Undergrad: 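The structure under discussion is supplied below as structure tokens; questions concerning it will follow.
All heavy atoms count here, side chains included; hydrogens, waters and symmetry mates do not. Note on naming: letters A, B, ... go to the chains in the order of the sequence lines (proteins, then strands), and numbering restarts at 1 for each one. Computed from a predicted structure; not experimentally measured.
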2 protein chains.
Amino acid sequence: MTNPSQTVRELIRKHYAALTQSERKFAQALLENYPAAGLASITIVAANAEVSTPTVARMVQKLGFKGYPQFHQALLKELEAKGSGPTQRRAKWASEAPESHLLNRFAQTVTRNIEQTFANIDTESFDGAVRQLADTDGQLYVVGGRITRSLADYAFTHFQAVRPRVTYMTASSATWPHYVLDMTEGDTLLLFDVRRYEANLERLAELAAGRGVRVILITDQWASPITQVAQFSFNCWVEAPSAWDSNIATMMLLEALIAATQEVCWPETRDRYDRLDALFDMTRLFR
Amino acid sequence: MTNPSQTVRELIRKHYAALTQSERKFAQALLENYPAAGLASITIVAANAEVSTPTVARMVQKLGFKGYPQFHQALLKELEAKGSGPTQRRAKWASEAPESHLLNRFAQTVTRNIEQTFANIDTESFDGAVRQLADTDGQLYVVGGRITRSLADYAFTHFQAVRPRVTYMTASSATWPHYVLDMTEGDTLLLFDVRRYEANLERLAELAAGRGVRVILITDQWASPITQVAQFSFNCWVEAPSAWDSNIATMMLLEALIAATQEVCWPETRDRYDRLDALFDMTRLFR
DNA sequence: CTGACTTTGGAAAAATCTTTCCACACCGAC
DNA sequence: GTCGGTGTGGAAAGATTTTTCCAAAGTCAG
């Protein structure tokens, strides 16, 4: 039958590939509220996950249980085991992992970064930057440094979907003058610069600002010197239990900016998304 | 009837004086293993406490419940509330901003994603994947899809610093066969695939797996079909208050993988970092 | 020691839950 | 467009649980 040493969570992971769509729906619901979402009667549990009773019944059998009651019992055993443990563990990140596992140390540090970063955002600046990013009269240029190049790329991919007139400036600084040539007042430059701050980026920001371009800077907690020419700048905490810096908070701020911009541009963006979808459907034919 | 704000524990204490001997026996059993000892069927629960079914039935009525099912439900609600505890900690991130400001909604959703993602990581898989990523005997290939291309790029930038023999497979799938040509047993393929899952990536994963390459998949909570050929796969929650998906949790998992790999490779990585630094210092002369 | 009262658990009736079956809907292939 | 295959939920059959009833056991005062 079922190896009793495996948790239901592990079983779900193991069999996830074999689950159908609505079975997954239930699996998700359970994982999101674990294990409470699996401890009521099958009827109730199914209704909460918005699937039918038979779906749940079939799924628990796939997981290796003889029937729902057995599944219920397994969950209960886990709960019991957890309760009788040493002390109730406070943070339940990677619950199965020991406290000192890198996963837990990492999660802890990054959470702090995120808290710090968001606590230090000036909401007015944020809204101001968003207005600027949503201004489709001007061109939006995006650029990053050695490490943040990927973030700039991510920003580009999304902003391109949200609004027209977005340009990604390649990482190779040799080509930047070409872009500057076309920058005019009212344009926007979204710029990433974390330590080690790059002199090239600073020169670029100065040139752009000199031409009347609004610079939005995303930097780390120590602030790139570009802050001085930027109209809006945001500091992201990058502490990490490793030799390099974590850019989670940075990326989170970026996503927040994208989400907010999308909200401002909405009617237009919706149309763009629809058209984009249609285009992807067409390329699907190639497979 | 019953004041819903009271916990069952409190109710028991309050009514304890009015309970009979065997009812107390059950109360003790419940309190000793709370709330698990009250979440099975009344039959089982009674047997565990070594009392009869009617005893339990009478007692829950004394506590103010209409019947055992209601009692059961109350316990479940408590458990559920406990599970969602950490979310309260969201407190006041972007403190000045109103609750409904996008920044706060965003932070809330993403925090949940991160919790979910980390709670569902199987530590053993994580460690296994890290061992694989740290194995410098084989080549490490990195590839992503339309959206995750940036993450693959980020992964590449970092892994390249951590270890030798890393290859970034361009986003253009036309060139992939060239890479597959050189893949051999013992190589590793780090692959990102979130919805809409891309058929090209699936084909690539199949080809690679067929050549004995170990596939490590990073996907979303709904799981890309590539899971089936992957040796290790990780699900990241991507819920976002916007039209697209958030990749914060995905990136976080990625960073955790990089950090862990770096730890495993350390003596060698340290050396690489030093040399890299020296190289950057040289390029600084150009500014 | 008796009798009234309380407590307890066995057993049947009632209610509910679980499973199974089946028809319909959906999707991809030809 | 049609066809085969898979996935889904409604509904009934089957199983279990919950409740109720009642008799037996225990307790205590007189």
Side-chain angles (χ1 to χ4, degrees), chain A residues 1-2 8 12 15-30 36-76 280-287, chain B residues 1-2 8 15-30 36-76 195-199 202-203 222-223 225 228:
Chain A
M1 165 150 323
T2 311
V8 172
I12 290 179
H15 292 89
Y16 200 84
L19 300 182
T20 68
Q21 213 167 344
S22 41
E23 283 167 358
R24 289 182 187 190
K25 197 170 171 188
F26 169 64
Q28 295 297 334
L30 175 57
L39 287 172
S41 77
I42 194 173
T43 321
I44 295 170
V45 153
N48 285 342
E50 294 182 332
V51 298
S52 69
T53 330
T55 301
V56 177
R58 278 188 295 260
M59 161 158 164
V60 298
Q61 285 182 1
K62 274 194 192 168
L63 256 38
F65 296 99
K66 194 156 166 256
Y68 183 80
Q70 233 144 52
F71 162 81
H72 185 279
Q73 205 182 336
L75 278 175
L76 214 50
F280 278 120
D281 282 342
M282 287 176 67
T283 61
R284 272 203 169 176
L285 298 175
F286 293 114
R287 73 154 148 173
Chain B
M1 169 135 322
T2 310
V8 172
H15 292 90
Y16 198 82
L19 299 183
T20 69
Q21 210 169 341
S22 41
E23 282 167 358
R24 288 182 189 189
K25 199 169 170 187
F26 170 64
Q28 291 300 336
L30 174 57
L39 287 172
S41 77
I42 193 173
T43 321
I44 295 170
V45 153
N48 285 342
E50 296 183 330
V51 298
S52 69
T53 332
T55 301
V56 177
R58 278 189 295 260
M59 162 162 164
V60 297
Q61 284 182 2
K62 274 193 190 166
L63 293 184
F65 297 99
K66 194 157 165 255
Y68 183 79
Q70 235 147 51
F71 163 81
H72 185 280
Q73 205 182 337
L75 279 175
L76 215 49
R195 71 172 184 192
R196 299 148 147 247
Y197 311 116
E198 296 174 35
E202 195 178 347
R203 295 284 306 127
W222 302 284
Q228 287 164 31

Undergrad: Would you kindly give the CD1-to-P distance between A:Ile42 and C:dT20, to the nearest whole Å?
TA: 10 Å

Undergrad: Please determine whether the number of non-hydrogen atoms from other residues, nucleotides or ligands lying under 6.0 Å from atom CD of A:Gln61 exceeds 12.
TA: yes

Undergrad: Both A:Lys62 and A:Pro54 contact DNA chain D. Which one's nearest nucleotide lies toward the 5' end?
TA: A:Lys62

Undergrad: Select from B:Pro69 and B:Ser52 the residue whose nearest nucleotide in DNA chain C is closer to the 5' end of that strand.
TA: B:Ser52

Undergrad: Reading DNA chain C from 5' onward, which residue's closest nucleotide shows up sooner: A:Tyr68 or B:Thr55?
TA: B:Thr55

Undergrad: From the options C:dT19, D:dT19, D:dG7, select the nucleotide whose nearest atom is closest to the side chain of B:Ala57.
TA: D:dT19

Undergrad: Does B:Thr20 place a side-chain N or O at less than 4.0 Å from the phosphate oxygens OP1/OP2 of C:dT8?
TA: yes

Undergrad: Going by the side-chain hydrogen bond (donor to acceptor under 3.5 Å, both in side chains) test, name the single residue among B:His15, B:Gln28, B:Lys62 that passes it with B:Glu23.
TA: B:Lys62

Undergrad: Would you mind reading off the distance between A:Gln73 atom CD and D:dT17 atom C1', rounded to a whole angstrom?
TA: 15 Å

Undergrad: I need the NZ-P distance between B:Lys25 and C:dT8, as an integer number of Å.
TA: 10 Å

Undergrad: So which heavy atom on A:Tyr68 is nearest to which on A:Ala40, and how close?
TA: OH-O, 2.6 Å

Undergrad: Under 4.0 angstrom, heavy atoms only, what part of the nucleic acid is B:Thr43 near: base, sugar-phosphate, or nothing?
TA: base

Undergrad: Below 4.0 angstrom from OP1 or OP2 of C:dT7, is there any side-chain N or O of B:Ser22?
TA: no

Undergrad: Send over the distance from A:Ile44 CD1 to C:dT18 C1', rounded to a whole Å.
TA: 13 Å

Undergrad: Just the rounded figure in Å: distance from P of D:dA15 to CD of A:Gln70.
TA: 16 Å

Undergrad: State whether A:Gln61 places a side-chain N or O below 4.0 Å from either non-bridging phosphate oxygen (OP1 or OP2) of C:dT20.
TA: yes

Undergrad: What is the distance, rounded to the nearest whole Å, between atom CE of B:Met59 and atom P of C:dT6?
TA: 20 Å

Undergrad: Once you apply a heavy-atom cut-off of 4.0 Å, does A:Arg24 come out as touching a base, just sugar-phosphate, or nothing?
TA: nothing

Undergrad: Find which nucleotide of DNA chain D each of B:Gln21 and A:Glu50 is nearest to by heavy atoms, and output the residue with the more 5' nucleotide.
TA: A:Glu50

Undergrad: Rounded to whole angstroms, how far apart are CZ on B:Phe26 and P on C:dT7?
TA: 18 Å

Undergrad: Would a 4.5 Å heavy-atom cut-off, applied to side chains only, mark A:Val8 and A:Phe65 as touching?
TA: yes

Undergrad: Set out, in order, the CA-CA distance, both residues' side-chain angles and the distance that settles side chain to side chain contact (heavy atoms under 4.5 Å, CB included) for A:Thr55 and A:Phe26, then state yes or no.
TA: CA-CA 8 Å; A:Thr55 301; A:Phe26 169 64; 5.6 Å; no

